[in-house]
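First comes the structure, then the notes that go with it.
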Number of protein chains: 2
Amino acid sequence: MLTERQLLILKAIIDDYVCHAEPVGSRSVSKRDDMNFSPATIRNEMADLEELGFLEKPHSSAGRIPSQKGYRYFVDHMLSPAALSKNEVSDIRLMYEQRFLEFEKIIQQSAKILSSLTSYTSIVLGPEIFESRLHQIQLVPISKDNAVAIIVTDTGHVENQAVSIPEGLDIGEIEKIVNILNERLRGVPLIHLRHKLTTEIRNVLAKYIDHHEQAIELLNSAFKDSHNEKVYYAGKTNILSQPEFNDVNRVRELLNTLEEDALVSRLFRSEEQGVRIRIGEENQFAPFDDCSVITATYSMDGKHLGTVGILGPTRMEYQRVVGLLDFFSKDLTNLLKQRYQKSD
Amino acid sequence: MLTERQLLILKAIIDDYVCHAEPVGSRSVSKRDDMNFSPATIRNEMADLEELGFLEKPHSSAGRIPSQKGYRYFVDHMLSPAALSKNEVSDIRLMYEQRFLEFEKIIQQSAKILSSLTSYTSIVLGPEIFESRLHQIQLVPISKDNAVAIIVTDTGHVENQAVSIPEGLDIGEIEKIVNILNERLRGVPLIHLRHKLTTEIRNVLAKYIDHHEQAIELLNSAFKDSHNEKVYYAGKTNILSQPEFNDVNRVRELLNTLEEDALVSRLFRSEEQGVRIRIGEENQFAPFDDCSVITATYSMDGKHLGTVGILGPTRMEYQRVVGLLDFFSKDLTNLLKQRYQKSD
DNA sequence: TGTTAGCACTCCCGGTTAACGAGTGCTAAA
DNA sequence: TTTAGCACTCGTTAACCGGGAGTGCTAACA
């Protein structure tokens, strides 16, 4: 275990490095108010901390910087999430209050607020669309051959998908089909739609619809768009201001990664309740080796819905970000409850 | 006017510079197959071309690079759009044929193809949403207080907007309202919806609906979302591979700009038929001073719909890009005609 | 025994210098 | 009119150097 003094020094170094992005030397540590030891003493401790793997030296005559293990220790044992200031809280509330927002807009807005408060990149995963339930389905014919299938979920989310109308189905039949679907499928989670379609609905359609096989085909393509959850970004370029991303090649790699929604969503998705911190290589993904990812989940009815997260350099203001995400995760959960749960 | 030989040399320099991104000297120009003059002769001509403003020197003992005026001259007088190779054409066709695509997907796909073929950044502006006409409108209540307004256009585009239901309106009335709207407003350009609402529709509603003022309020907010045209990007980070964007600050500035859809749309929108080239400062926008923007329009029923464009360094393969965009602009117009026009 | 002052050493950084090479402009000859 | 020759310019690179920040070690001190 680390001694009291070692903790103090480790914390001081992390603090300083997070703030100034430069190796910190014994002299500057010893000058801190809460530090009553000479540089020489500090140096001894720093050597020990380095031996233990919590610090490293960029080169032999530079100061020390925290290692990944150092950050990890700090985060695990010494982190007290920063409480938000009153101003921050009211700022956030204000941004949500602006007007009635649909589910998606709330999520999007959250991403914006987060990135503007942290000046890191924020990434918010929307709910697995399949988790939500069918509220209403519409089939709007556009021409003789084409139509748009519109699915509205219980959260007010709207999905639409162009479909072609198979030979033989006429407008009247389509209307009948839609009525049947709305009767039978309201409240069904989107993820079960296709299954229901090939069982229960197939039978019902067979009874009432002439060209039921064509109808099934149509509906199949209407339901097929397996939209994963949406990924909302804000402050994508914030991270370029960090001195560790001064190299265009690295930047390109990182930004390319961020364009791949599926990848990002896989990396960010977190099923655990609460705040989760992944530091550097813990992300198991080379382009993020110098980044830390902090995520928190939000939920509704106690069911996990999505994830809010921050992507920054490993040299990140952990306490602040953790505090913020914690707040957001709870606030978002509350907000959603307030807005949507009462409609059940 | 420039002599035959000057043209030849200017073209050679542009070719070389576009390809290698380095100032080109008299020696390398004279070595070209079609160049039967000594370096000294070339040097004289180059000095003349510089005096005329078509070339410039980064410093006194470097080779020459084309000036903006040089590119402009090249583009205006010497550009023969490169015809696409058979392979390219069939590649493109293939990508469109994959499956039935709704309007938006086609546009999006086009952006992808363009960027992958050019390795520049491609930007495609969707149709001014207001230009398209209302096909159908739906109001789907989600809870007692909230609903989703869904607008389907004649191109199969779907817009949706969360609205709150004013006190006093009940489900029955909402249904009546929707019916009235669909009867009266089908075929009306979206841009005229709000006007119609406050004139014709207001009167009709006043006649048939009890809480018609609340209804107007509801519809107003349903129509308010003044969605400009959508902007689709592809290959956003391609431009980072260009050596002229080796500076992170410049990159940040550029990428920040690209996040501002409204700005980009204003800069790219082109009303003129055909291909349009803006070189460097011709863009009238500082972050694009080292960029060229080439755009072409696509249309339907002879009516201008949107713009396809390429953003690259001023040192761009003009002939190839112009050829491509020309092809795209026509192909897209055809495709849209084939898919949507017959439904009229 | 823990702490600290002192000191030699290491290594980065910024500035200077020198050699080099690519390219030019000019002059004079073909 | 073209071209060979040559002096000159200027950016690039490598080598070098001194200063400074920081370290590790040692020895003295409380």
Side-chain angles (χ1 to χ4, degrees), chain A residues 1-10 12-17 19-67 70 243-244 246-247, chain B residues 1-10 12-17 19-67 70 243-244 246-247:
Chain A
M1 265 310 70
L2 297 186
T3 67
E4 200 61 32
R5 192 166 68 189
Q6 283 173 325
L7 290 178
L8 191 65
I9 293 175
L10 179 57
I13 291 175
I14 290 179
D15 265 16
D16 195 289
Y17 186 64
C19 174
H20 300 106
E22 259 162 42
V24 359
S26 53
R27 211 178 101 90
S28 68
V29 172
S30 89
K31 269 198 187 153
R32 300 190 142 230
D33 285 348
D34 54 351
M35 198 71 63
N36 299 311
F37 307 96
S38 75
T41 312
I42 311 272
R43 276 205 290 284
N44 284 327
E45 297 285 26
M46 280 161 84
D48 289 347
L49 283 169
E50 183 177 358
E51 218 160 278
L52 292 168
F54 295 115
L55 296 178
E56 47 194 40
K57 274 191 292 203
H59 59 84
S60 81
S61 77
R64 303 299 206 294
I65 62 175
S67 67
E244 33 268 274
N246 243 335
D247 175 39
Chain B
M1 265 316 69
L2 298 186
T3 67
E4 201 61 34
R5 192 166 66 187
Q6 283 173 324
L7 290 178
L8 192 64
I9 292 174
L10 179 56
I13 291 175
I14 290 179
D15 265 16
D16 194 290
Y17 186 64
C19 174
H20 300 106
E22 259 161 42
V24 358
S26 53
R27 210 178 102 92
S28 69
V29 172
S30 89
K31 269 199 187 151
R32 300 191 139 230
D33 286 348
D34 53 350
M35 198 69 63
N36 298 312
F37 309 96
S38 75
T41 312
I42 310 271
R43 276 206 291 282
N44 284 326
E45 296 286 26
M46 280 162 81
D48 289 350
L49 283 169
E50 183 177 357
E51 218 160 277
L52 292 168
F54 296 114
L55 296 179
E56 46 195 40
K57 275 192 292 203
H59 56 86
S60 81
S61 77
R64 302 299 205 294
I65 62 175
S67 67
E244 31 269 274
N246 242 335
D247 176 38

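Model, not experiment: these values are computed from the prediction. All chains are named by letter (A, B, ...) in the order of the sequence lines, taking the proteins before the strands, and each is independently numbered beginning at 1.
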For A/R27 and D/dG20, is the shortest distance between a side-chain N/O and OP1 or OP2 below 4.0 Å?
-> no
Could one point to a donor on the side chain of A/S61 or the base of D/dT23 with an acceptor on the other under 3.5 Å away?
-> no
Side-chain N or O of B/T41 closer than 4.0 Å to phosphate OP1/OP2 of D/dT1 = no
Per nearest nucleotide of DNA chain D, the residue lying toward the 5' end, B/N36 or B/H59, is B/N36
Figure out the CD1/P separation between A/I65 and C/dC12, and round it to whole Å.
-> 14 Å
So CG of A/L8 and CE of A/M35: to nearest 0.5 Å the spacing works out to 4.0 Å
Please state how far atom CG in B/D48 lies from atom P in D/dT2, giving the value in whole angstrom units.
-> 12 Å
Residue whose closest nucleotide on DNA chain D lies nearer the 5' end, A/V24 versus B/P39 | B/P39
What is the distance from atom CD of B/E45 to atom CG of B/L2, rounded to the nearest 0.5 Å?
-> 9.5 Å
Can a donor-acceptor pair under 3.5 Å be found between the side-chain atoms of A/R64 and the base atoms of D/dG24?
-> no
B/S60 (side chain) and D/dT9 (base): donor-acceptor pair under 3.5 Å = no
Measure from CD on A/E56 to C1' on D/dG22 and round the result to the nearest Å.
-> 17 Å
Between C/dG23 atom P and B/R43 atom CZ, what is the distance in whole Å?
-> 10 Å
Within the structure, does a side-chain N or O atom of A/K57 lie under 4.0 Å from either OP1 or OP2 of D/dG24?
-> yes
Can you check the B/I13 CD1 to C/dT24 C1' distance for me, whole Å?
-> 13 Å
Nearest-nucleotide pick for B/F37, side chain only, options being D/dG24, D/dT3, C/dT24 = D/dT3
Picking from D/dG24, C/dA5, C/dG25, which would you name as closest to the side chain of A/A40?
-> C/dA5
Do any side-chain nitrogens or oxygens of B/S38 fall under 4.0 Å of OP1 or OP2 in D/dT3?
-> yes
